[in-house]
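All of these numbers come straight from a predicted model, not from anything done at the bench. Letters A, B, ... are given to chains in the order of the sequence lines, protein chains preceding strands, and every chain is numbered from 1.
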Amino acid sequence: MIARIVWVLGIFLCFLFGWFVYVIIPSQVLDPSPEGEETPPPNFGLVEVGQQVYGANGCSGCHTQLVRPANMGSDIARGWGNRRTLPVDYYHETNPFLGIVRIGPDLSNIGKRKKDSSWFYILLYEPNQIFPGTIMPPYKYLFRKVRAEGKRNPQALPPELDRTLPNGMQIMPSPEAVALVAYLLSLDRSYPTQPKKQ
Amino acid sequence: MSNPMVESQEWIGSGVSRPVSLDRSFFIPVIFMLVAAFFWLLVSMGFALLGAGKIVIPSLLGSWGWLTFGRIGLASFLVFSYGWGMNGGLAYALYLIGKNAQEPFRGSGYFLCSALFWNLSIFIGMMAVLIGEIPSLSWAGWPDFVLFLLLLNYSLMNYWIVKKLLVSGSFLRSLSHSYLLIALLWFPWAIGSLFIFFHWLVIRGVSFASMEWWFNEGFLHLWLAPVGLSMLYDYVEGRNGQRSSSFLGWLGLILFFLCSNFASASHLIGAPFPLWIVGLGIAARILLILGAVAIGIDLLQRLKKRIQANKQNIFSRYFLIAFYCFLIAIVGDGCIAMPFVSRLVHFSFVEIAFLVLFIYGFYSFVLMGMAHYLYSNFFRKPWLSETFLKITFWTNMYGISFLFVFLFLGGIVQSVELENAELPFSQVVESVLPYLRGAGMSATLILFSQLTYCFLLLLMFLMPVEKEGIEKNEKNLSRSI
């Protein structure tokens with residue numbers, strides 16, 4: 001009987017120890033506030049919704065958001081960031097998209113590299129237009145074909161993207177696409193990290 | 001105790017695989033879980049195949065958001081792990097308890113009911129993932145309410161099995177029971193912890209990533225691996241009363257179990273974590289090799305003996321392939337965790353290749369071997385065609401081998417080219433593409449194999465009972481492989 005109890009307790013102690021090291025300790029030591037570095041502003045409104053759209057479409061299945069230090073890979077040399085990412089960069093994210101594999105490029109600082117929202121809309125609607133031969137799937141379901149009432153909407157995509165587009169119609173990003181692009185444009189972790197002002 | 005599967009005297013003396021003596025109260029839930037497992041396996045492979053198709057033609061079914069690459073990839077993974085992996089694992093757990101039970105399974109009804117709701121939860125979760133309700137966790141990527149349903153139903157199913165294991169104390173003597181106990185206890189602990197942290201305790205930033213990897217690695221090494229190893233040990237341990245307690249086997253178990261708890265941080269190399277956390281993960285990952293080698297030496301001798309005794313039945317082959325895949329996956333994973341290798345291959349398909357080898361090569365193969373063994377024994381009917389059975393085995397084996405090789409080679413090319421910062425990323429993807437297409441073809445081969453197997457199973461199920469069916473079945477199989 002004692003042997004059974006010892007064995008089962010041993011199993012639970014091992015579970016507990018692993019849990020303590022990887023769940024409890026990080027939640028304490030990796031929290032940069034309040035005495036640590038100054039934190040970036042939290043995501044609000046459209047950007048926050050865009051973050052959810054990013055997650056809902058499984059973008060993190062192909063893209064990482066993690067710049068490794070210069071001695072750990074070519075991330076910085078590739079221009080994916082000017083420094084390695086730090087805990088403070090993810091401070092306000094309840095679910096950071098660090099990623100698992102790079103089928104697409106790292107997006108930690110995509111908002112710094114590309115500042116044109118129409119570039120993102122075209123990429124989402126027809127990735128081949130931007131990167132011929134890419135394996136990125138098109139996200140046409142994030143767009144709507146709507147009747148153009150008079151003047152062409154400035155947010156509308158170039159009609160050449162869809163040869164089957166009937167006359168008088170235009171391709172407009174859905175609210176989800178607008179939010180997603182707002183989120184992507186917000187991804188800029190190139191700010192210098194500094195101690196919090198007292 | 002009513003026993004629909006009566007052992008024949010010929011069987012006992014034949015030296016080939018022993019027919020299972022299992023009461024109907026165990027038999028029905030076991031078969032239900034196994035059938036559900038095969039159903040989810042097909043669904044998962046269907047999604048995987050569609051994902052492979054999307055790599056060749058990215059616009060394939062692109063106008064439907066619920067079939068976008070990111071969602072079906074996750075759905076395939078989750079359905080495979082929870083639908084195929086856990087259903088099969090729990091069926092095996094119940095079988096293991098049932099074959100030594102002295103009385104019928106009194107909780108059969110509620111077990112079946114929980115099993116039904118468990119599968120319903122997986123279905124709801126799968127639909128939720130497809131419509132975009134994803135918290136973006138890889139191995140626990142279910143919406144919160146599905147996590148709760150899974151935890152509840154798992155606990156209900158688990159209760160009776162764990163109670164039996166604890167009361168019998170068999171886990172102190174038998175490696176198969178000991179491995180099983182570890183797995184059964186880990187899951188409610190881990191998923192309960194995730195649930196509490198999501199809802200009641202604030203965890204954010206990179207600590208969340210640490211917790212995610214703690215769960216991911218735990219699922220691999222503290223659920224799938226122990227259940228798979230338990231099946232292998234149960235197979236080599238043989239009949240009741242032949243439980244052995246080899247020193248090497250126990251050493252392997254302890255090393256493997258201890259290191260598995262700490263191996264997760266090796267995936268966080270280069271991530272913003274303190275060096276000691278990552279270092280601990282890498283050290284545990286490398287030490288895991290020692291555990292796997294101890295298990296390997298112990299198992300290989302016993303497997304060889306058992307396979308000779310079983311005259312190389314088809315399920316013996318499944319077990320043997322699974323065993324080798326386990327060793328290669330653990331040793332390979334340990335090697336790529338070393339910092340000088342990891343800096344090259346991190347985030348590449350090399351990591352995915354070893355993961356695929358572990359879950360498809362090791363766990364899936366050992367589960368298929370076990371399922372084949374149980375079906376053959378339970379139904380006591382001949383398989384329709386031994387040629388088709390041979391085909392399913394070999395196509396499955398070649399499918400997984402090619403899948404691993406293509407992903408591994410593609411990953412090496414990807415790693416080397418990514419190192420050259422002058423090379424545009426699009427060119428790196430272009431170089432990897434042929435390998436990904438090869439991997440897609442391999443996935444097709446695996447799906448074909450599984451479809452054939454399920455078709456044969458269905459035919460066997462529909463055929464009338466033959467008294468000498470299983471003997472005929474096994475004699476044919478012994479000759480054919």
On a heavy-atom basis, the closest approach of B:V429 and A:I103 is CG2-O, 3.5 Å
| request: Determine yes or no for a side-chain-to-main-chain donor-acceptor pair under 3.5 angstrom, with A:Y22 supplying the side chain and B:S264 the backbone. | output: no
Residues B:F257 and A:I11: closest non-hydrogen pair is CZ-O, 3.7 Å
Greatest number of non-hydrogen atom pairs under 4.5 angstrom with chain B, of A:Q52, A:R68, A:E93, falls to A:R68
Applying a strict 4.5 Å limit to non-hydrogen atoms, the region of B:E133 in contact with chain A is neither
In this structure, SG of A:C14 is separated from CG of B:L222 (nearest 0.5 Å) by 9.0 Å
Honestly, the part of A:V53 sitting under 4.5 Å from a heavy atom of chain B is neither
Heaviest contributor of heavy-atom pairs below 4.5 Å to chain B, chosen from A:G73, A:G61, A:G133, is A:G73
If one checks every heavy atom of A:I76 against chain B at 4.5 Å, the contacting part turns out to be neither
Ring centres under 6.0 Å, that's the criterion: do A:W80 and B:F425 meet it?
yes
Whatever's closer than 4.5 Å to a heavy atom in chain B on A:R102 counts as both
Honestly, the part of A:L142 sitting under 4.5 Å from a heavy atom of chain B is neither
Here the gap from B:W139 atom CH2 to A:I100 atom CD1, rounded to the nearest 0.5 Å, amounts to 9.5 Å
N/O donor-acceptor pair under 3.5 Å between A:S74 side chain and B:L418 backbone:
yes
Review point. Do side-chain atoms of B:R71 reach the backbone of A:A56 as a donor and acceptor pair under 3.5 angstrom?
Key: yes
*asked:* Take a 6.0 Å sphere around CH2 of B:W64 and say whether it holds more than 12 heavy atoms from other residues, nucleotides or ligands.
replied: no
dist B:S426:OG -> A:M136:CE (nearest 0.5 Å) comes out at 13.5 Å
Expected contact set for residues 187-194 of chain B against chain A at heavy-atom separation under 4.5 Å reads B:W189, B:S193
Most heavy-atom pairs under 4.5 Å with chain B, out of A:A77, A:P138, A:P132, belong to A:P138
To the nearest 0.5 Å, atom CG of B:L61 lies from atom OH of A:Y141 at 12.5 Å
Worksheet item: Under 3.5 Å, is there a donor-acceptor pair between the B:R343 and A:N71 side chains?
Response: no
- Task: Determine, step by step, whether A:F17 and B:N261 satisfy the side-chain contact (heavy atoms from CB on, under 4.5 Å) criterion, reporting the C-alpha distance in whole Å, the side-chain angles of both residues, the deciding distance to 0.1 Å, and the verdict.
- Result: CA-CA 8 Å; A:F17 201 40; B:N261 271 290; over 6 Å; no
Ordered numerically, the heavy-atom neighbours of chain B under 4.5 Å found in residues 115-130 of chain A are none
Among B:L280, B:L258, B:L344, B:L268, the residue with the most heavy-atom pairs under 4.5 Å to chain A is B:L280
Bottom line for B:L433: the part with an atom under 4.5 Å from chain A's heavy atoms is side chain
Trace of the side-chain contact (heavy atoms from CB on, under 4.5 Å) decision for B:I269 with A:M72
CA-CA 8 Å; B:I269 193 157; A:M72 288 302 299; 3.4 Å; yes
Of the listed B:G70, B:A421, B:S415, B:A209, the one with the largest count of heavy-atom pairs under 4.5 Å with chain A is B:A421
Under 4.5 Å to a heavy atom of chain B? For A:C62 that would be side chain
Whatever's closer than 4.5 Å to a heavy atom in chain A on B:S210 counts as both
Intermediate values then yes/no, side-chain contact (heavy atoms from CB on, under 4.5 Å), B:L166 and A:W7:
CA-CA 10 Å; B:L166 291 178; A:W7 192 241; over 6 Å; no
Check your understanding: Any chance the rings of B:F208 and A:Y90 have centres within less than 6.0 Å?
Key -> no
Looking only at B:S260, B:A265, B:G205, B:G281, the option with the highest number of non-hydrogen pairs under 4.5 Å against chain A is B:G205
So, the part of A:T134 with a heavy atom under 4.5 Å from chain B: the answer is backbone
If you tally heavy-atom pairs under 4.5 Å between each of B:N216, B:V167, B:I57 and chain A, the highest tally belongs to B:V167
Q. So do the side chains of A:V21 and B:W276 get within less than 4.5 Å of each other, counting heavy atoms only?
A. yes
Nearest heavy-atom approach of A:P69 to B:G270 is CD-O, 3.6 Å
Whatever's closer than 4.5 Å to a heavy atom in chain A on B:V428 counts as side chain
The reported gap from CH2 in A:W19 to CZ in B:F215 (rounded to nearest 0.5 angstrom) is 15.0 Å
Spell out, as yes or no, whether a donor-acceptor pair under 3.5 Å connects the side chain of A:R78 to the backbone of B:P424.
no
Does the side chain of A:P26 reach to within under 4.5 Å of the side chain of B:I277, using non-hydrogen atoms? yes
Note: A:P137 and B:F69 closest approach over all heavy atoms is CG-CB, 4.0 Å
Any B:L181 side-chain heavy atom under 4.5 Å of A:V8 side chain
yes
In terms of heavy-atom contacts, B:I55 and A:I135 come closest through O-CG2, 3.5 Å
d(A:I25 CD1, B:S207 OG) to nearest 0.5 Å is 11.5 Å
Check against side-chain contact (heavy atoms from CB on, under 4.5 Å), A:T64 and B:F347
CA-CA 8 Å; A:T64 55; B:F347 293 132; 3.7 Å; yes
Okay, A:Y139 and chain B: the region with an atom under 4.5 Å from a heavy atom over there is side chain
One option among B:M211, B:E430, B:K54 has the most heavy-atom pairs under 4.5 Å with chain A, and it is B:M211
When the 4.5 angstrom heavy-atom criterion is applied to B:I352 and chain A, the contacting part is side chain
Applying a strict 4.5 Å limit to non-hydrogen atoms, the region of B:H346 in contact with chain A is both
